[in-house]
Undergrad: 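Here it is, the structure, as structure tokens.
Residue numbers count from 1 along this sequence. Computed from a prediction, not measured in an experiment: that's the story for all the values here. Note that these values count all heavy atoms, side chains included, but never hydrogens, waters or copies made by symmetry.
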Amino acid sequence: SDSDSSETLLKTLGIATGDYFLACPTKLFAKAVFAKSHYHANVFEYYFNAKLQNNGFCSYWMGVCHAHDVDPMFGIPFVDPYAKDYTDRAREISTQMMQFLTDFAKTGYTV
């Protein structure tokens with residue numbers, strides 16, 4: 001690879017750690033809920049992949065980190081519309097997420 005080996009190693013370890021502690025247990029939990037349901041209830045999840053901001057715990061190379069969907073889910077980009085961390089795109093994503101979750105709560109599915 002032409003990339004810096006330390007950066008590649010950090011990114012690879014970050015992905016493996018995220019998979020081990022978050023992604024894989026989430027998938028296993030969803031499968032267990034489905035399997036143990038008497039009616040094979042639908043199990044839903046979403047994959048949030050919008051990197052809206054960086055912070056000290058989640059560097060630029062890490063992609064989207066755990067819990068970075070919380071702010072847009074609860075409309076935080078609208079609380080201070082002039083905050084430098086929230087762009088028009090962040091507010092658009094927040095609107096989409098709130099609509100998605102509202103539709104799901106009302107109907108049990110999304111369009």
Side-chain angles (χ1 to χ4, degrees):
S1 171
D2 292 336
S3 64
D4 181 331
S5 62
S6 63
E7 183 176 320
T8 302
L9 178 61
L10 282 174
K11 188 171 185 173
T12 303
L13 286 172
I15 291 168
T17 301
D19 285 351
Y20 183 80
F21 287 107
L22 298 168
C24 292
T26 299
K27 297 286 186 190
L28 292 172
F29 176 75
K31 286 181 179 185
V33 167
F34 179 78
K36 293 183 188 266
S37 167
H38 296 292
Y39 304 104
H40 292 291
N42 291 328
V43 178
F44 297 92
E45 68 177 348
Y46 66 90
Y47 182 75
F48 186 77
N49 64 355
K51 179 91 172 182
L52 301 178
Q53 62 196 31
N54 290 314
N55 64 37
F57 297 107
C58 187
S59 186
Y60 72 93
W61 58 267
M62 291 180 168
V64 179
C65 291
H66 182 59
H68 274 198
D69 59 329
V70 174
D71 283 2
M73 183 184 308
F74 290 102
I76 301 303
F78 293 101
V79 173
D80 181 3
Y82 302 104
K84 66 178 181 173
D85 289 341
Y86 296 111
T87 62
D88 288 340
R89 179 67 180 136
R91 286 185 279 282
E92 180 182 358
I93 290 168
S94 182
T95 299
Q96 291 171 344
M97 285 192 73
M98 291 186 293
Q99 187 63 57
F100 170 83
L101 293 167
T102 300
D103 290 346
F104 184 76
K106 287 179 181 178
T107 65
Y109 60 92
T110 63
V111 202

Undergrad: Give the cluster check for F104 versus V43: same hydrophobic cluster or not, with ILVMFWY residues linked at side-chain heavy-atom distances below 4.5 Å.
TA: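 No, separate clusters.
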
Undergrad: Which residues satisfy the side-chain hydrogen bond (donor to acceptor under 3.5 Å, both in side chains) test with E92, sequence neighbours excluded?
TA: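 side-chain hydrogen bond (donor to acceptor under 3.5 Å, both in side chains) check on E92 returns R89.
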
Undergrad: Can you give each donor-acceptor pair under 3.5 Å made by side-chain atoms of residues 16-34, sequence neighbours left out, with the distance rounded to 0.1 Å?
TA:
| from | atom 1 | to | atom 2 | distance (Å) |
| --- | --- | --- | --- | --- |
| T17 | OG1 | L13 | O | 2.8 |
| T26 | OG1 | L22 | O | 2.7 |
| K27 | NZ | E45 | OE2 | 2.3 |

Undergrad: How close do P77 and P72 get, counting heavy atoms only, and between which atoms?
TA: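 Taking every non-hydrogen atom into account, CD-CA, 4.0 Å.
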
Undergrad: Determine the minimum heavy-atom distance between S94 and G75, stating which atoms define it.
TA: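 Smallest heavy-atom distance, with atoms named: OG-CA, 3.4 Å.
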
Undergrad: I'd like to know if the side chain of R91 reaches the main chain of Y86, judged simply by a donor and an acceptor atom lying under 3.5 Å from each other, with no hydrogens or angles considered.
TA: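 Yes: the side chain of R91 pairs with the backbone of Y86.
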
Undergrad: Kindly compute the distance separating CZ (F74) from CG (D69), expressed to the nearest 0.5 Å.
TA: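 Going from the CZ atom of F74 to the CG atom of D69 covers 9.0 Å.
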
Undergrad: Decide yes or no for F48 and M73: does some side-chain heavy atom of the first lie under 4.5 Å from some side-chain heavy atom of the second?
TA: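 Heavy-atom side-chain distance check fails, nothing below 4.5 Å.
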
Undergrad: I'd like to know whether CZ of F44 has more than 12 heavy-atom contacts from other residues, nucleotides or ligands below 6.0 angstrom.
TA: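 Enclosed: over 12 neighbouring heavy atoms sit under 6.0 Å from CZ of F44.
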
Undergrad: Working to the nearest 0.5 Å, report the span between CG of N49 and CD1 of I93.
TA: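 Interatomic distance, N49 CG to I93 CD1, rounded to 0.5 Å: 8.5 Å.
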
